[in-house]
Amino acid sequence: MNEKAEKHEFKAEVSALLRLVTNSLYTNREIFLRELLSNASDALDKARFQGLVDPELRDRDAKAAIHVQADEQNSVLVIEDTGIGMTRDEVALNLGTIAHSGTLNFLERAKAQQESGQKPDLNLIGQFGVGFYSAFMVADRIDVYSLSAVPGHEAVHWSSTGDGTFTIGPSEREVRGTRIELHIKPDAKEFLERYRLESIIRKYSNYVLHPIRLQVADKDGKTDEEKQVNEATAFWTRPAKDLSAADYKEFYKHVMGGFVLPGDEPLGHLHIHADAPIQYVALLYVPGKPPADLFQEDRKSLQLFARRVLIIENCDKLLPPYLRFVRGVVDSEDLPLNVSREMLQEHNTLNAIRRQLTRKVLKLLADIASERPDDYAKVWDNFGSVLKEGLHTDGGHQEELVGLLRFRSSQSEGKLISLADYVAAMPEGQDAIYYITGESQESVAISPHLEACKARGYQVLFMTDPIDEWVVQDLPNVKDKPLRSVTQGDLDIPDKDDDKKDEDRADIAPVLGKARDLLSSRVKDVRASKRLRESASCLVDDEGGLSRNMERILKAARQNVPTRQRILELNPEHPFVQAVSKIASENPADERVGTWIELLYDQAALAEGVVADPAGMVKRIQSVLNSSIKP
Ligand code: ADP
């Protein structure tokens, strides 16, 4: 060790990660190489971009290439680039801490998997930005030599055996960039063999844009000639007619970071060569599985190139946030290279590209929906709740977005239907689109609130995604039909054959009066129901205002919402309700009436899953049971 080297401790989370990486056995240790090559490629991109805007940058004419050198005799594997390099502070930060927010989640999940006897899914390592540390799977010591391309910094040497500490000292490196020396573990010698290295590089890094050159010195010290292993071409510049479905799938993996989960095949792609008014190429994919960072702030996004030079790794200005699940590359001929990234993000060209891409992606989704409904069902289940955000944020595309909406319903038997399908299937006389919001498909499917619609053959849409509460507010009408909640307001759907007038309904005023007195502190009102058919009672919300489901969602998000009192509805056609009403009017002092009313209230709450006073309810049921077996 160099005498001037300082010893440092890894941050706690790095140590935890390293223990995980080094102490477990993984079948796919090979991914470490993908991670290091991708870091090297990023570093070359950064240097190339910085060189365009900063004439002072060190070694501006350095050739962009990644060199991989294996030395079988000494068990050393070197990955070296002439990229942006790192200063002393950057080395300490980048190779001593974990920067990304998802990493801790990843760690916790991997730990849980390990504790339950499974192999932790280290494949996800790249998605969480802990890539560098994966090299400790195959190396028992790593030396990093780096010289920053920014003038005025000295070269540094970082070294660690992955055991909780690392050292940083000076280095003799004279060209900008980073050299990573892996001292390969005895059980990982395969990663020094030419054949193995070549196949790993082709498998994961074929589309890395910079040449990856490999040279191997074998056990006898014989060194072969250095050879470029990867394609290193801009895949997207090739005409679509020359590319097969397999090519597109292969490139999809590259776009997703070199690796996809099993079964993650793109559900659709879009390859555009646009000439006017702006010249650009876009190759975009709808992923087959939701990316792990879909709801994270620092999530991945589209890669933006300007004439084949990567200028923004995650450019979130190329599509609106509600299409953030789309991944791919955009390469423009019309972007200036010599402005800062911040300015580029606001450039007019990006706005114009974004407008076009938004339209085309929405069209792609509509095409998948009409041509491949089964695939669209997957798109919807993965990304539907993200797409729905667009209804609120992008008024300009409301019509297209409404066309993409899908719901399950009281009649769809678990299948998804569109609003157009819903309206087309409406029986004569139905003049509104009915929906129910709630916590789960199971709970809304058996809700008493559906009874009147069921009796009439009206379909009820199940809205069980939290965001649906906002969707219904943004969708006042669909094809001139208003949306109506079956749990709110005074729902009056007369039955087909016996269209009853209000006067014809049984009079249950006595029980209503009693119930109002008894429950006055708990409900806002008690009234005769027009929506119930089989059930005796249910709870409903006022028209307008927050629904019960919305209250639940806001509370779960720790928002301070007052609980609104609800309305208890009793079914005037129900024999039990009628009998209670009769007894209440004939013998107002009968104590059982109070218990029965309480039980009607309990039942209504229970049908929705929550009873305020379960112990009291048990007592009431028991007293009724007791009286029912009296001889
Ligand atoms: P990620 O690449 O996902 O950020 P890593 O742990 O692989 O996570 O790397 C951490 C950071 O270290 C990188 O973001 C980069 O800033 C820096 N780094 C890693 N390798 C290199 C390299 N070859 N050249 C310059 N910087 C690098």
Side-chain angles (χ1 to χ4, degrees), residues 10-11 13-18 20-21 31-51 57-59 62 64-69 77-104 106-107 122-139 142-150 153 155-160 162 166 168 171 173 175-182 204-205 208 210 212 256-259 291-293 296 298-301 303 310 312-314:
F10 283 118
K11 287 273 177 301
E13 69 272 16
V14 179
S15 294
L17 179 74
L18 284 175
L20 203 79
V21 166
I31 59 144
F32 81 92
L33 190 55
R34 170 190 82 200
E35 298 300 325
L36 298 186
L37 290 173
S38 134
N39 284 347
S41 172
D42 291 350
L44 288 167
D45 287 332
K46 285 181 196 158
R48 180 143 77 175
F49 180 78
Q50 216 47 49
L57 208 70
R58 205 193 288 269
D59 302 329
I66 303 167
H67 298 271
V68 180
Q69 284 162 341
L77 181 66
V78 175
I79 291 99
E80 182 163 11
D81 64 69
T82 48
I84 194 78
M86 287 177 273
T87 65
R88 187 188 175 92
D89 288 349
E90 284 166 348
V91 167
L93 184 72
N94 294 333
L95 309 183
T97 58
I98 298 180
H100 298 262
S101 57
T103 307
L104 279 179
F106 166 72
L107 274 179
L122 268 216
N123 273 322
L124 291 175
I125 210 162
Q127 285 194 31
F128 290 95
V130 286
F132 171 79
Y133 302 107
S134 65
F136 281 109
M137 291 194 285
V138 300
I142 301 179
D143 287 295
V144 177
Y145 303 88
S146 197
L147 175 60
S148 171
V150 180
H153 293 281
V156 286
H157 171 202
W158 177 101
S159 180
S160 175
F166 60 91
I168 298 187
S171 143
R173 188 177 172 84
V175 269
R176 78 172 190 204
T178 304
R179 174 184 174 92
I180 297 180
E181 283 183 12
L182 306 180
Y204 297 108
S205 310
V208 168
H210 305 285
I212 300 171
M256 299 306 278
F259 154 85
D293 57 2
Q296 267 166 237
D298 60 353
R299 61 177 167 260
K300 293 227 170 53
S301 183
Q303 298 176 358
L310 181 67
I312 303 179
E313 170 69 26
N314 291 303

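Both ligands and their constituent atoms are indexed starting at 1 by order of listing. Fair warning: this is a prediction, and the values are worked out from it, not measured in the lab.
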Element-labelled atoms of ligand 1 that are located less than 4.0 Å from some non-hydrogen atom of Phe132: 5 (P), 6 (O), 7 (O)
Within-shell test, Met86 vs ligand 1, heavy atom, strictly < 4.0 Å: yes
Candidate with minimal heavy-atom separation from atom 16 (O) of ligand 1, of Thr97, Asn94, Ile180: Asn94
Test item: Trp158 and Asn94 side chains (from C-beta on) under 4.5 Å apart, heavy atoms: no
Ligand 1 N/O within reach of Asp42 N/O, cut-off under 3.5 Å: no
Note, Glu90 side chain near Val156 side chain (heavy atom, < 4.5 Å): no
Heavy-atom side-chain proximity of Asn39 to Thr178 below 4.5 angstrom: no
Val91 vs Ile168 side-chain heavy atoms within contact, under 4.5 Å: yes
Under-4.0 Å heavy-atom contact with ligand 1, by part of Asp81 that carries it: side chain
Any side-chain heavy-atom pair of Ile79 and Leu33 under 4.5 Å: yes
